[in-house]
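Heads up, the thing below is written out as structure tokens.
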Amino acid sequence: MAHSSRAPSATSPRQHQRERLLWLYRAMLRMRMAEEKVAELYPQQEMRCPVHLHVGQEAVSAGVCANLTPEDRIFGSHRSHGPYLAFGGNLGAFFAELYGKAAGCCRGRGGSMHLLDRPAGYWGSSAIVGGTIPIAVGTALEAVYHRKNSVSVVFFGDGAADEGILYESLSYAGLKKLPVLFVCENNQYATNSHQRARQALDNISERGPVFGVPGVRVDGNSVLAVYEVARESVRRARMSGGPTLLECDTYRWKGHVGPVGDIPMGYRTQQELDGWVARCPLRQFEQMVFAEGVLKQSDLDGVKQGLAREIDEAVAFAKASPFPDPAEMTA
Amino acid sequence: MSAPRTLSYGEALREAQAQSMRRDGDVIVMGQGVDDSGGIFGSTLNLHKEFGEHRAFDMPLAEESITGIANGAALAGLKPVVVHARIDFLLLAMNQIVTHAAKWRFMFGDANRMGVVYRGVIGRGWGQGAQHAQSLQALFMHVPGLAVAMPSCPYDAKGLLTQAIAYGDPVVFIEHRQLYGMKGEVPEDYYLVPFGKARIARAGTDVTVVAISQMVEVALAAAEALAKEGISVEVVDPRTLAPLDEETIFASVAKTGRLVVVDNGWTVCGASAEIAARVGAHLFESLKAPVERVGFPSLPVPSSHVLEAAYYPNWETVAAAIQKAMRRQVRSRAAGVQDDKGLRESW
């Protein structure tokens with residue numbers, strides 16, 4: 001009988017190897033720094049596509065993706081730079097796509113909402129809320145059909161929990177015990193509407209068990225807590241134990257779309273935002289690893305410097321790249 | 001050489017899937033009722049027994065997820081055939097067909113195709129009514145990235161379906177319920193009918209009738225009746241609306257100078273409008289008369305058989321449209337056109 005549960009607080013970072021801790025930190029910082037770079041450059045109006053940033057939510061993608069291999073199938077939503085950047089998606093192709101260049105991961109045909117890096121396990125994202133959920137389930141069907149060891153992971157927001165397609169997909173994945181990890185990044189807001197205004201109950205993780213899919217709710221700002229529940233879910237999926245619905249509580253720092261905050265719009269308070277900024281997944285991680293003495297400031301500085309260089313190179317590459325040839329569109 | 005063999009349209013559809021499944025282990029057939037005792041009007045009958053329940057299987061009554069799951073399976077390398085026993089049900093899956101499958105290859109590149117066949121059954125019969133007998137080919141023809149196939153005979157039912165399964169990109173495959181019992185010669189061997197290649201169902205010289213799906217039968221009956229009146233009708237079956245074989249249609253109209261488009265669907269913004277517009281733009285100088293269109297009136301499909309009879313085109317209404325095209329003459333060019341048949345009022 002599938003049940004839902006709240007994940008325990010993460011174990012001590014001492015339980016994790018130094019390499020894993022550095023991987024998780026680097027993944028989170030890669031997302032944070034790349035998106036902050038997007039926010040910095042966006043006002044130049046050269047990235048001419050909508051961007052849905054997920055600053056503040058980095059622990060979810062990092063904690064989940066640390067359990068995956070490039071043979072797995074990751075799907076995203078309109079707000080899913082996260083898993084692309086977390087799992088080693090090509091940075092030059094990322095920025096080039098946002099700039100609408102031929103070297104973009106979709107050759108300028110996708111934009112920010114449609115990323116792809118198959119060698120990095122990222123199979124695509126959809127700008128339609130919930131759109132990739134059944135597609136991920138279908139790739140899991142194929143994995144079972146061909147007896148592959150791949151797990152399909154689909155990231156979506158609490159807004160997708162408004163959509164019927166989530167429940168249709170949970171139902172089928174539960175029925176056939178398909179290797180799928182449904183990852184709900186509950187940042188509380190769908191565009192500018194709070195979950196309270198859209199759903200009677202704050203219980204997304206509990207909606208899995210009614211379809212035979214275990215549900216787990218976890219602190220989505222604790223990368224180790226996410227890592228640990230995802231590890232268990234992925235392990236079970238690989239052993240034909242079926243899907244899991246993971247609800248990760250987190251918060252979006254910036255507005256629904258665009259590079260800036262949206263407190264002046266009045267639908268949420270500065271106080272609420274400040275409370276979540278104080279729980280920054282990166283800062284929490286740093287404090288914890290320093291307190292436990294497992295990583296030093298110099299370790300993290302090294303990661304930061306390397307990423308700054310990588311991102312600057314990627315932006316320079318993207319800006320210097322040619323635009324796509326319109327004639328190729330019909331080729 | 002094997003002797004000619006006849007199959008029904010429904011049997012031909014089944015054989016197309018069975019032979020495709022035999023040749024390619026990645027072909028699967030899925031949908032509501034695929035493995036039931038009726039087998040979707042016989043078209044999937046016992047495929048699950050022959051190929052196993054992992055290859056031909058029932059699905060929940062959840063059209064969008066069925067379709068999305070097929071899309072994902074295709075993205076990962078399977079070749080799914082999704083069966084919707086009424087095309088009306090397929091509307092619930094438009095998000096996955098129109099906004100996902102039709103876009104994926106364009107956005108993400110050639111390695112990210114969703115080669116799925118969405119079978120949808122249309123058609124008149126036994127008072128199916130407004131929500132069980134829609135003909136929605138124009139909706140799909142409108143969307144770049146989708147192929148639309150509409151077989152009108154058993155030979156094409158098999159050959160177009162094998163082609164659809166092998167196509168590699170999403171195909172909306174539209175079958176007419178009333179054709180299921182039609183018998184015709186169908187080769188036993190596996191074969192493909194290429195997309196974008198029209199069929200001349202009847203050769204003629206005076207007027208071209210482009211007829212879609214079951215309207216091919218209706219147009220042939222009209223042509224037969226008019227032959228007795230001395231009017232030679234060429235009936236062209238486009239077989240696929242997307243891609244559309246403009247070459248064959250244009251060549252026929254260039255020869256006859258007159259066009260009647262008979263669609264098994266609404267005329268407003270319908271396939272007939274698209275075909276008429278393309279011919280008008282390309283062959284303006286060759287046309288001897290305005291293009292005539294025959295299709296469904298701008299009303300939902302009624303249920304009562306009396307109302308149905310008034311609603312659907314039949315050989316007589318098609319014949320009347322052909323005669324109208326024969327009578328009418330583009331006034332400004334009348335002096336220069338030698339075509340006495342067009343001026344005759346014999347029927």
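Computed from heavy atoms alone, side chains included, the values below leave out hydrogens, waters and symmetry copies. A, B, ... follow the sequence lines: proteins, then strands. Residue 1 opens every chain.
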Q.
Here's a test for you: under side chain to side chain contact (heavy atoms under 4.5 Å, CB included), which of D158(A), V183(A), N186(A) qualifies with C248(A)?
A. V183(A)
Q | Ionic contact status for K148(A) with E142(A), cut-off 4.0 Å | A | yes
Q: Check each atom of F75(A) against the heavy atoms of chain B and say whether the ones under 4.5 Å are side chain, backbone, both or neither.
A: side chain
Q.
Looking at E50(B), I want to see if its CD is surrounded by more than 12 non-hydrogen atoms of other residues, nucleotides or ligands under 6.0 Å.
A. yes
Q: To the nearest 0.5 Å, tell me how far D36(B) CG sits from L45(B) CG.
A: 9.0 Å
Q | Under 4.5 Å from any heavy atom of chain A - which part of A101(B) | A | neither
**Q.** Among the listed options M114(B), K103(B), M59(B), the residue most often paired with chain A at heavy-atom distances under 4.5 Å
**A.** M59(B)
Q. Are R177(B) and F41(B) in a cation-pi setup, meaning NZ or CZ lies under 6.0 angstrom from the ring centre and within 45 degrees of the ring axis?
A. yes
Q) Got a sec: does the CD of E46(A) have more than 12 other heavy atoms crowding it under 6.0 Å? A) yes
Q) Of all of M329(A), R118(A), K176(A), which one pairs up most often with chain B through heavy atoms under 4.5 Å apart? A) R118(A)
Q) Who wins among L141(A), L115(A), I128(A), V137(A) for the most heavy-atom pairs under 4.5 Å with chain B? A) I128(A)
Q) Which region of Q96(B), side chain (C-beta onward) or backbone (N, CA, C, O), has a non-hydrogen atom less than 4.5 Å from a non-hydrogen atom of chain A, or is it both or neither? A) side chain
Q: Select one option (side chain, backbone, both, neither) describing which atoms of H54(B) are under 4.5 Å from chain A's heavy atoms.
A: both
